[in-house]
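In what follows, every chain begins at residue 1, and chains take the letters A, B, ... in the order their sequences are listed. Computed over heavy atoms, backbone and side chain alike; hydrogens, waters and symmetry mates excluded.
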2 protein chains.
Amino acid sequence: MRALNHPSRKSLTLSGVLYALSDPVRLSIVKSIAAHGEQSCGTFGLSVAKSTASHHFRVLRETGVIQMRAEGTQYINSLRREDLDSRFPGLLDAVLQASNPV
Amino acid sequence: MRALNHPSRKSLTLSGVLYALSDPVRLSIVKSIAAHGEQSCGTFGLSVAKSTASHHFRVLRETGVIQMRAEGTQYINSLRREDLDSRFPGLLDAVLQASNPV
DNA sequence: CCTGTTGTTCGATGTTATTAGAACAACAGG
DNA sequence: CCTGTTGTTCTAATAACATCGAACAACAGG
């Protein structure tokens with residue numbers, strides 16, 4: 001439970017990010033963080049099992065969309081805005097603007 | 001070979017478009033059209049079988065990313081720029097800018 | 001310690017994607 | 001007509017994904 005692999009900014013791929021964002025559950029996670037700021041995994045009200053949610057958080061983390069840090073018994077999730085904007089300027093904003101409000 | 005289903009502008013979905021663009025083969029098709037204008041299917045130099053290429057063109061068409069029209073024995077592919085820009089402003093440009101040059 | 005909270009990992013399952021070969025369809029040009 | 005070009009459709013095999021339940025791990029607080 002300790003090893004959180006975050007890819008470096010350089011190793012982010014466009015295909016990977018697009019793939020991560022193409023899932024509705026993951027997109028809703030990203031939208032929620034963008035709207036409400038960083039949150040722990042349990043606060044998203046996802047209608048999937050814990051293990052499924054964990055899988056989606058992992059995909060978002062391993063593709064470089066989000067960052068997770070441990071805090072007590074929970075994990076705080078935040079967007080990697082600077083990294084995403086640096087590698088793919090305008091992409092995150094376009095996706096957030098295109099998606100319906102949370 | 002005659003029925004080409006193109007979704008209406010309204011029925012384009014963000015998840016669908018992101019999914020379509022998340023595949024490297026399909027992304028290369030989109031990049032090529034964006035760079036060189038409309039092209040027939042055979043001009044992309046794709047390193048996949050004909051049937052595989054046809055599959056990818058279909059995904060791009062059915063998610064609303066490209067438009068295909070018959071012309072003689074071949075199909076001419078073009079981007080649905082206006083529709084994409086209307087529904088997801090800035091998204092296509094961000095994707096094209098983020099990807100490496102063709 | 002013991003218990004509850006939080007989230008991960010493992011194993012399994014069902015669905016969807018990707019890929020390719022073979023056969024087919026539409027058309028153009030001798 | 002016959003042939004070659006272009007691309008689709010069908011069928012099938014492999015790979016990848018999403019999903020869940022159960023078990024586990026880390027931690028906080030009695």
Nucleotide of dT9(C), dT18(C), dG7(D) approaching Arg58(A) most closely (side-chain heavy atoms): dT9(C)
Between NE2 on residue His6(A) and CZ on residue Arg80(A), distance to nearest 0.5 Å: 6.5 Å
Thr73(A) side chain, from C-beta outward: closest of dT8(C), dT19(C), dT5(C): dT5(C)
Contact under 4.0 Å: Thr52(B) side-chain N or O vs dA20(C) OP1/OP2: yes
Ser54(A), nearest nucleotide to its side chain (from dT9(C), dG21(D), dT6(D)): dT9(C)
Within 45° cone of Tyr75(A) ring axis and under 6.0 Å: Arg61(A) NZ or CZ: no
Whole-Å distance separating the CG atom of Asp23(B) from the C1' atom of dT19(C): 11 Å
Sugar-phosphate only, base, or nothing, as touched by His56(B) at under 4.0 Å among non-hydrogen atoms: sugar-phosphate
For DNA chain D, the dot-bracket pattern of Watson-Crick and G-U pairs whose distances stay under 3.5 Å, | for other-strand partners: ||||||||||||||||||||||||||||||
Distance in angstrom units between Leu46(B) CG and dG7(D) P, rounded: 11 Å
Leu84(B), Leu18(B), Asp85(B) screened by side-chain contact (heavy atoms from CB on, under 4.5 Å) with Leu91(B), the one that passes: Leu18(B)
Gln39(A) side chain to Ser32(A) backbone, donor-acceptor under 3.5 Å: yes
Base dG21(C) to side chain Ser51(B), donor-acceptor N/O within 3.5 Å cut-off: yes
Which nucleotide in dA18(D), dG21(C), dT19(D) has an atom nearest any side-chain atom of Tyr19(A): dA18(D)
Between dT9(D) (C1') and Glu62(B) (CD): distance, integer Å: 13 Å
Donor-acceptor side-chain pairing of Ser54(B) and Ser51(B) below 3.5 angstrom: no
Atom pair CG/OG of Asn77(A) and Ser40(A) - distance to nearest 0.5 Å: 7.5 Å
From dA20(C), dT19(D), dG7(C), nucleotide with atom closest to His55(A) side chain: dT19(D)
Test item: Arg81(A) and Asp93(A) side chains (from C-beta on) under 4.5 Å apart, heavy atoms: yes
Interatomic distance where CG belongs to Leu4(A) and P belongs to dT8(C) [whole Å]: 8 Å
Touch class at under 4.0 angstrom, heavy-atom based, for Val59(B) against every strand present: nothing
